2 protein chains.
Amino acid sequence: MSRRRAGVTIKHVAADAKVSLQTVSRVINNEPNVRPETRSRVQASIDKLGYVPLIAAQRLSGRRSYLILVLNDRDRTIADWKARQGGDWVNQMLLGGMLKASEHGYRLILELVDTHSDQIERELATTIGALQPDGVILTPPHSENAQICQLLESHGIPFVRIGAAGDGPGFSVTMDDAGSAREATEHLIGLGHRRIGFIAGLPEYSLSAWRVDGWRAAMADAGLPCEDLLVQGDFGYQSGIEATNRLLALHPRPTAIIASNDQMALAALEAARNMKLDVPGSLSLVSFDNTPVVRFIQPPLTAVDQPIAETVAKAVELLIAAARGEPSHGPEVVPGHLVPRESTGPARPTG
Amino acid sequence: MSRRRAGVTIKHVAADAKVSLQTVSRVINNEPNVRPETRSRVQASIDKLGYVPLIAAQRLSGRRSYLILVLNDRDRTIADWKARQGGDWVNQMLLGGMLKASEHGYRLILELVDTHSDQIERELATTIGALQPDGVILTPPHSENAQICQLLESHGIPFVRIGAAGDGPGFSVTMDDAGSAREATEHLIGLGHRRIGFIAGLPEYSLSAWRVDGWRAAMADAGLPCEDLLVQGDFGYQSGIEATNRLLALHPRPTAIIASNDQMALAALEAARNMKLDVPGSLSLVSFDNTPVVRFIQPPLTAVDQPIAETVAKAVELLIAAARGEPSHGPEVVPGHLVPRESTGPARPTG
DNA sequence: TTGAAAGCGCTAACAG
DNA sequence: CTGTTAGCGCTTTCAA
């Protein structure tokens, strides 16, 4: 008869506490309408028997799955892992997300999705159908993917878009890219720099534009021109080299450069070295992301720290609140901050 | 009547294909005893309707959960994440584990467990009870935890112990720590070193001893004494400083040091610098783990690369095979390898 | 405040 | 080769 392992179920608890299944269920889910006395009797049985609700069963009978799905870009993530360059986006995501989730009895499942595939829809529908997560977290560039957002909406699954504009569907949590870029720029201006180059990231990421905006605003506020000081990069090392070469060929040469991510900043450092420019003596450098390597390189880079853990924790909170039917908030912004290190210094006249 | 979202279930498929539920189930699970013709008709309906089996339902009816649980040490993992020093154990684990798992329709769930808690048992029982994973992967130091192993055994859940001795319960996958240590030692001997110090890791990790063994064996083979050259560390930075100071105070001074992990190697580098010793001019240094930082430090460290991704992938394979009732293998060994960089050079007579 | 009954979507056991 | 039946463990009606 027993075709599975001996497990204590709600039935055993009910029998032990001499109540109905329903009452046990109510206790488990902290629902009202149970006399305190009954509740504690049931709880005692639960503890005594070591009963644990089986999530699959809870899900099946229409309740929550206690699962939150995090969607990352497949190629990018795998490439990062294989490169072993110390990128820690995923680590910070787990740090913020897992811990917050587990506070509420939820679990995170990381899933890699092929952005460029024309099968996203099928892939995603399969995952969602199979898992029935209570919420989904979208990271860039998926957070800007209309197809994905629409699919999630049509399934009625709450989702958070990280690093994407707040006016779309779902919740939005951003890291104040503009503010951070402004802070970085003001830091340099404070050091006396007047020609500050900016290497932008891929235009399909909204945050690329926001970072440019922050820089522009700070420059404008200080009455400094941006003119030829903005060059396009693609977040990759090679593009950083090219962008830097372009900037350093200008007359007069910029005395500082802000790169939209660490890879490009590392590239900028290399490019500067190739031109025998000392950092920070002849060129100050600020980077975005603050991945571990930038602390170990010589000189350690001044960088904008992206509060990934905090942001993802916030995302998880929004999702859990939504699953509980709590009222939803507007777009959330988690501020980043500048970490000054040795790659930035006082401006010196260019040669 | 419909108290849940419209979802296409096995019933719809059965109706559409004009077969019984059971036949659909057989097709889904690739079971035999279905006429090819019937099979393809069912498959057509599945595709047409976009049917996806709900994992919770499969689990509930006694089938597999398609979940593999990975247990990591809570404090260590969180500390690593917070330190942001570029440790990428988790990344490599996910790289190897997730990809392999997804090949077979499985998913990985990472769970942090408190080793020092006297509640491990309850904590674990809860997780296992709630999730009912088809397999569990234990990483050090949990892989050596008798309490955990016993609990898993009593629940009848297949599990793999990574980096633990092969003679315990469950499957075992190791990274040939002894072989790697031997390779590192032979590399140094080949460079002419005769006094090679070794900084051991925490004794509660079996792999600490294996690394020592490999070093000892290589030294013995070359007819070199180990005597006072072995000092105890605890994998932490501070212990690396102290151990190195101890070694460098010896007469004659060792010309090379192998540290049992990167943190201690980084510490050794620092300690050597404090004594104005050039690396690798006056002291060669080899480290274990090969985390990203050791490539970015000056000089880049020669290191033993731990094949974490491969190892975890192997673990996942073992678990899936076990879930399928395939015959089990003996202990598996995934070889690591030495990555020579600039921290090792020819031995020079000590002063 | 409590309980009884009816499923959720799927599979195992047994017929045919 | 295919179908029927009886649950898996839990929650949701709805009734008491």
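Predicted, not measured: the structure shown is a model, and the values here were computed from it. We name chains A, B, ... by the order of the sequence lines, and we start the count at 1 in each one.
- In the interface, the side chain of R59(A) is not paired with the base of dG9(D) through any donor and acceptor atom under 3.5 Å apart.
- When heavy atoms are screened at a 4.0 angstrom cut-off, P32(A) is found touching no nucleic acid atom at all.
- Picking from dC1(D), dC10(D), dC10(C) the nucleotide with the shortest atom distance to the side chain of P53(B) gives dC10(C).
- Closest approach of V70(B) and M93(B) over heavy atoms only: CG1-CE, 3.4 Å.
- In this structure, L60(A) places its CG atom 11 Å from P of dT11(D), rounding to the nearest Å.
- Taking atom CD1 of residue I28(B) and atom C1' of nucleotide dA12(C), one finds them 14 Å apart after rounding to whole Å.
- No hydrogens or angles considered: nothing links the side chains of E332(B) and S172(B) as a donor-acceptor pair under 3.5 Å.
- Residues K100(B) and V316(B) share a closest heavy-atom pair of CG-CG1, 3.7 Å.
- S61(B) has no side-chain polar atom (N or O) that falls below the 4.0 Å cut-off from OP1 or OP2 of dG7(D).
- Between S20(A) and dG3(C) there is a side-chain polar atom (N or O) within less than 4.0 angstrom of OP1 or OP2.
- Contact annotation for V19(B): backbone-only contact, meaning every heavy-atom pair under 4.0 Å involves sugar-phosphate atoms and none involves a base.
- Listed pair S25(A) / dC10(D) fails the phosphate criterion, with no side-chain N or O lying under 4.0 Å from OP1 or OP2.
- Taking only side-chain atoms of L54(B), from C-beta outward, the nucleotide of dG9(D), dG9(C), dT1(C) with the closest atom is dG9(C).
- When atom types are taken as modelled, the side chain of T139(B) and the backbone of L71(B) share a donor-acceptor pair closer than 3.5 angstrom.
- Listed pair R26(B) / dC1(D) fails the phosphate criterion, with no side-chain N or O lying under 4.0 Å from OP1 or OP2.
- Contact check, Q58(A) against dT11(D): a side-chain N or O comes under 4.0 Å of OP1 or OP2.
- Rounded to whole Å, atom C1' of dC10(C) lies 8 Å from atom CG of L21(B).
- Among the protein residues, Q22(A) comes within range of the nucleic acid bases, having at least one heavy atom under 4.0 Å from a base atom.
- Protein atom CZ of R41(B) is 11 Å distant from nucleotide atom C1' of dT2(D), rounded to whole Å.
- Phosphate contact (OP1/OP2 of dC8(C), side-chain N/O of T9(B), threshold under 4.0 Å): absent.
- Between Y66(B) and dC10(C) there is no side-chain polar atom (N or O) within less than 4.0 angstrom of OP1 or OP2.
- Distance K18(A) NZ to dG3(C) P: 12 Å, rounded to the nearest Å.
- No side-chain N or O of R59(B) forms a donor-acceptor pair with one of Y66(B) less than 3.5 Å apart.
- The listed nucleotides are dT11(C), dT11(D), dG9(C); the one nearest the side chain of N29(A) is dT11(D).
- As rounded to whole Å, 18 Å separates atom P of dG16(C) from atom CG of N33(B).
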